[in-house]
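Because the structure is a prediction, the values reported are computed rather than measured. Both counts, for ligands and for their atoms, begin at 1 and track the order of listing.
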Amino acid sequence: MAEFIILGAGMVGVGAALALQARGHAVTLLDRAAPGSETSHGNAGVIQTEAVEPYAIPRDLATLAAYASGRSNDVLWHFGATLRMAPALARYFHNSAPARHRAIGQSYARLVGRATADHAPLIAASGSEALIRRTGLGELYRDARGFEAAARHAARMAADYGLPSQLISGAGLAAAEPALRPGAVHGMVHWTESWSCADPGALTRAYADLFAARGGRVLRGEALSLRQGATGWQVDGTEGVIEGSDVVIALGPWSPDLLARLGYRLPMIWKRGYHGQYETRMSVQRPYLDAANGYVMSSMARGLRITTGAELTGRQAPQNLRQLTRARRAAGELIEIGAPVADGVWHGHRPCLPGMVPMVGAVPGARGLWLNTGHGHQGFTLGPTTGHLLAEIVEGRADALTEASAVRLGRR
Ligand SMILES: Cc1cc2nc3c(=O)[nH]c(=O)nc-3n(C[C@H](O)[C@H](O)[C@H](O)COP(=O)(O)OP(=O)(O)OC[C@H]3O[C@@H](n4cnc5c(N)ncnc54)[C@H](O)[C@@H]3O)c2cc1C
C-alpha cells in the first residue's frame with residue numbers, strides 16, 4: 001500500500017483522502033488552513049443531482065449579447081482577465097456546442113448520478129444528518145415563456161437521463177414554498193432528488209474529522225514546497241517535513257500554481273462567485289435558482305445565503321458587489337429579506353476546465369503524482385465521487401469515464 005499526501009483539504013481533497021484510506025492506504029491530508037475554509041465553505045451547498053450536464057456557455061446570440069452588454073446578471077466580465085483566459089474560454093465555448101456538450105454530459109451524468117450515494121455513508125458516519133435537507137432544488141421562473149422553456153428542458157432531462165422533476169405553478173406554489181410572495185413567481189421546476197447542506201464548510205470539516213477518527217493525519221503546511229526526495233515526495237508541514245510515496249494535488253482554484261512550479265500548464269477558467277447572508281423571518285424549504293437573475297438562495301446556518309453567478313476577473317482583483325447587489329434586490333421581490341448578517345460577504349473561484357469534466361488521474365511523466373481538480377460548478381457535489389474514482393484509477397481501473405477525466409497537461 002502507498003503513503004499518500006493529499007494537498008488541499010476542500011471537499012475534493014477530503015473526499016479523496018477518505019476514499020484512499022478506505023482502500024487501505026496511509027493518507028495525510030495537508031492544507032495551509034483548516035479543512036473546508038475556502039471554496040468548499042462559500043458555495044451554495046447544493047448536492048446537485050440535477051446537474052447531469054456541466055454548465056455550458058450559451059451559444060444563442062441574444063444571451064451572448066446580454067452577457068456582453070452586462071444586462072445579464074449571470075456573468076460579469078472584465079476585459080483584461082477575459083483576455084488572459086481567452087484560449088481556455090475558446091475551448092470551453094467549443095465544448096459547449098450541443099453535440100459535444102451532450103457527449104461530455106454522458107460522462108458527467110455518470111459522476112453526478114453517484115453523488116448522493118457517495119455522500120450518504122459519509123453524512124451518516126460523520127454524524128452530519130442535521131446539516132442535510134433532502135427537499136430538492138427549485139428553479140423559479142417569473143413568466144410563462146421562461147417556465148415553458150424550462151419545462152421542455154426538464155422533459156429532455158427525464159428522457160435522456162431519467163432525471164425526475166415536478167412542474168409547479170399557480171396555487172401549488174404557495175403550498176410548495178410558503179415563504180414566496182404571492183404572485184411573484186409564475187412557475188417552478190422542482191428537481192426532487194437534489195440535496196442541500198446548511199453549512200458546506202462544516203460538512204467538509206466533519207468529513208475531515210471522520211478521516212482523522214479513522215486514523216488519517218490532518219496537518220497544516222505549504223503545498224507549494226512540494227519537491228521530489230530520494231524515494232518519493234516531500235512537502236513542508238508546519239511541524240516538519242512530510243514524506244510520501246504518492247501525492248494528490250487537490251488544490252481547487254490553486255492547482256495550476258503548484259503544477260506551474262512542477263513545469264506543467266493547466267489552463268483554468270476561474271469563475272468568481274460571491275455570497276451574501278441575510279436575516280429572514282421565514283426559512284425557505286430548499287435552495288432556489290432565480291433563473292432570470294442568475295443567483296441561488298438557500299436558508300443556511302447563518303441566515304439566507306445568496307450566491308451569485310460568474311465574474312471573470314483576476315484572482316487578486318478587489319470585490320465587485322454588482323452581481324450580489326442585483327441578486328439581493330431580485331431575491332427581495334420573491335421573499336421577505338432582513339438585514340445583512342455581520343461579515344456575511346464572501347467570494348471564491350469556481351475552478352473550471354475547458355473540458356468541463358474534472359481531471360482525475362496520474363500526471364503523465366511524474367511517478368507517484370496524481371491530480372484531482374477542476375470541479376468547476378459542482379465540486380461540493382462531486383468530492384466524494386471523484387475521490388472514489390481516483391482510488392479506483394490508482395488500483396488500475398480504465399474505462400470510458402477514466403478516459404474522459406484523464407489528466408491532459410501542457411508543458412511550460
Ligand atoms: C458562489 C459559488 C457557489 C457554488 N455552489 C455550489 C453548489 O451549490 N454545489 C456544488 O457542488 N458546487 C458549488 N460550487 C463549486 C464548489 O464550491 C467547488 O467546485 C468546490 O468547492 C471545489 O473544491 P476543492 O476542494 O477543489 O477546492 P477548495 O475547497 O478551494 O479547496 C482547496 C484547498 O486548497 C488549499 N490550498 C490552496 N493553496 C494552498 C497551498 N499553497 N498550500 C496549502 N494549501 C493550499 C486551500 O486552503 C483550500 O482548502 C460553488 C462555487 C461558488 C464559488
Side-chain angles (χ1 to χ4, degrees), residues 5-17 29-51 54-55 111-112 115-116 119 137 194-197 200-201 203-205 207-208 218-226 235-238 242 248-261 268 270-276 287-289 294-298 300 305-311 315 323-324 327 345-353 358-360 371-387:
I5 307 169
I6 316 276
L7 301 177
M11 186 52 95
V12 172
V14 173
L29 187 56
L30 181 124
D31 200 297
R32 62 186 170 197
S37 303
E38 294 281 357
T39 333
S40 298
H41 148 74
N43 59 63
V46 190
I47 301 179
Q48 291 188 261
T49 55
E50 86 296 341
Y55 186 85
L111 287 174
V112 166
T116 49
H119 273 277
L137 166 77
S194 302
W195 295 357
S196 56
C197 176
L203 187 69
T204 311
R205 278 189 293 285
Y207 288 2
V218 182
L219 300 178
R220 297 282 176 100
E222 177 47 71
L224 296 180
S225 66
L226 183 72
V235 65
D236 293 338
T238 48
I242 301 151
V248 180
I249 300 175
L251 295 168
W254 295 273
S255 298
D257 304 344
L258 176 55
L259 285 164
R261 287 187 167 224
M268 185 171 271
W270 291 277
K271 295 189 191 170
R272 181 182 283 190
Y274 296 80
H275 82 220
Y288 290 106
L289 167 72
Y295 68 90
V296 172
M297 60 176 167
S298 185
M300 289 207 178
R305 181 179 285 189
I306 296 179
T307 49
T308 63
E311 183 185 13
R315 275 189 292 165
Q323 285 165 297
L324 185 58
V345 175
W346 167 92
H347 76 270
H349 298 93
R350 299 173 182 90
C352 299
L353 299 178
M359 280 192 190
V360 185
L371 189 59
N372 187 8
T373 200
H375 292 64
H377 292 247
Q378 271 93 40
F380 183 66
T381 301
L382 289 176
T385 299
T386 55

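At least one N or O atom of Thr381 sits closer than 3.5 Å to an N or O atom of ligand 1. Between Thr308 and ligand 1, a contact under 3.5 Å exists for no N or O pair. Of the polar atoms of Gly379, at least one N or O is found under 3.5 Å from an N or O of ligand 1, judged by distance alone. Any N or O atom pair closer than 3.5 Å counts here, and Gly376 shares at least one such pair with ligand 1. Checking only distances, Gly36 never comes within under 3.5 Å of ligand 1, N or O to N or O. Close N/O approach between Ala250 and ligand 1 is not found [any backbone or side-chain N/O within under 3.5 Å]. Polar contact with ligand 1: absent for Pro253 (N/O pair, distance under 3.5 Å). The shortest N or O to N or O distance between Asp31 and ligand 1 is below 3.5 Å. Taking only nitrogen or oxygen atoms, main chain and side chain alike, Arg32 reaches within less than 3.5 Å of ligand 1.
A salt bridge links Arg315 with Asp257: at least one charged nitrogen is closer than 4.0 Å to a carboxylate oxygen.
Closest protein heavy atom to atom 5 (N) of ligand 1: Ala44 N, 3.0 Å. What sits closest to atom 42 (N) of ligand 1 on the protein, heavy atoms only, is Ala223 N, 2.9 Å. Scanning all protein heavy atoms for the shortest distance to atom 36 (N) of ligand 1 gives Leu251 CD2, 3.6 Å. In terms of protein heavy-atom proximity, atom 2 (C) of ligand 1 is closest to Arg350 NH2, 3.5 Å. The nearest heavy-atom contact from the protein to atom 41 (N) of ligand 1 is Glu222 OE2, 2.7 Å. Closest to atom 28 (P) of ligand 1 among all protein heavy atoms lies Thr39 OG1, 3.5 Å. If you check which protein heavy atom lies closest to atom 9 (N) of ligand 1, you get Val46 O, 2.8 Å.
By the criterion of a heavy-atom distance under 4.0 Å, the backbone of Met11, and not its side chain, is placed next to ligand 1. Counting heavy atoms closer than 4.0 Å to ligand 1, residue Pro35 contributes nothing at all. Looking at Trp254 against ligand 1, only its side chain comes within 4.0 Å, counting heavy atoms. Only the backbone of His377 comes within 4.0 Å of ligand 1, judged by heavy-atom distances.
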> Does the side-chain hydrogen bond (donor to acceptor under 3.5 Å, both in side chains) test come out yes or no for Ser194 and Glu50, once each step is laid out?
Replying inline: CA-CA 6 Å; Ser194 302; Glu50 86 296 341; 2.7 Å; yes

>> What verdict does the side chain to side chain contact (heavy atoms under 4.5 Å, CB included) test give for Thr307 and Asn43, after you've listed the backbone C-alpha separation in whole Å, the side-chain angles of each residue and the deciding distance to 0.1 Å?
In response: CA-CA 7 Å; Thr307 49; Asn43 59 63; 6.0 Å; no

>> Assess the residue pair Leu137 and Trp195 against the criterion (side chain to side chain contact (heavy atoms under 4.5 Å, CB included)); give the C-alpha distance rounded to whole Å, side-chain angles, the decisive distance to 0.1 Å, and a yes or no.
In response: CA-CA 7 Å; Leu137 166 77; Trp195 295 357; over 6 Å; no

> Under the side-chain hydrogen bond (donor to acceptor under 3.5 Å, both in side chains) criterion, do Arg205 and Tyr207 qualify, and how do the steps go?
Replying inline: CA-CA 5 Å; Arg205 278 189 293 285; Tyr207 288 2; over 6 Å; no

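Ring centroid separation for the pair His377 and His375 does not come in under the 6.0 Å cut-off.
In summary, the side chains of Tyr274 and Glu311 do present a donor paired with an acceptor at a separation below 3.5 Å, with no hydrogens or angles considered.
Here the shortest heavy-atom distance to atom 6 (C) of ligand 1, taken over Ile249, Asn43, Val12, belongs to Asn43. Distances from atom 26 (O) of ligand 1 to the heavy atoms of Pro351, Gly252, Gly8 put Gly252 nearest. Distances from atom 23 (O) of ligand 1 to the heavy atoms of Ser40, Gly10, Ser37, Gly42 show the closest one on Ser40.
Contact atoms of ligand 1 toward Gly221: 42 (N), 43 (C) (distance under 4.0 Å to a heavy atom of the residue). Remark: ligand 1 atoms within the under-4.0 Å shell around heavy atoms of Gln378 are 10 (C), 11 (O), 12 (N).
In this structure, CD on Glu222 lies 8.5 Å from CG on Asp236, to the nearest 0.5 angstrom.
Using a distance-only test at 3.5 Å, with no hydrogens or angles considered, no donor-acceptor pair links the side chain of Arg32 to the main chain of Gly8. Between the side chain of Thr381 and the main chain of Val46, a donor-acceptor pair closer than 3.5 Å is present. At least one donor-acceptor pair under 3.5 Å links the side chain of Ser40 to the backbone N or O of Met11. Side chain of His275 to main chain of Gly42: a donor-acceptor pair is present (N/O by atom type, distance under 3.5 Å, no hydrogens or angles).
Val296 is not listed as a side-chain neighbour of Thr308, based on a closest heavy-atom distance of 4.5 Å or more.
Judged by the 6.0 Å and 45° rule, Arg305 forms no cation-pi pair with Trp346.
Just one of Thr373, Val12, Leu382 meets the side chain to side chain contact (heavy atoms under 4.5 Å, CB included) condition when paired with Pro358; it is Leu382.
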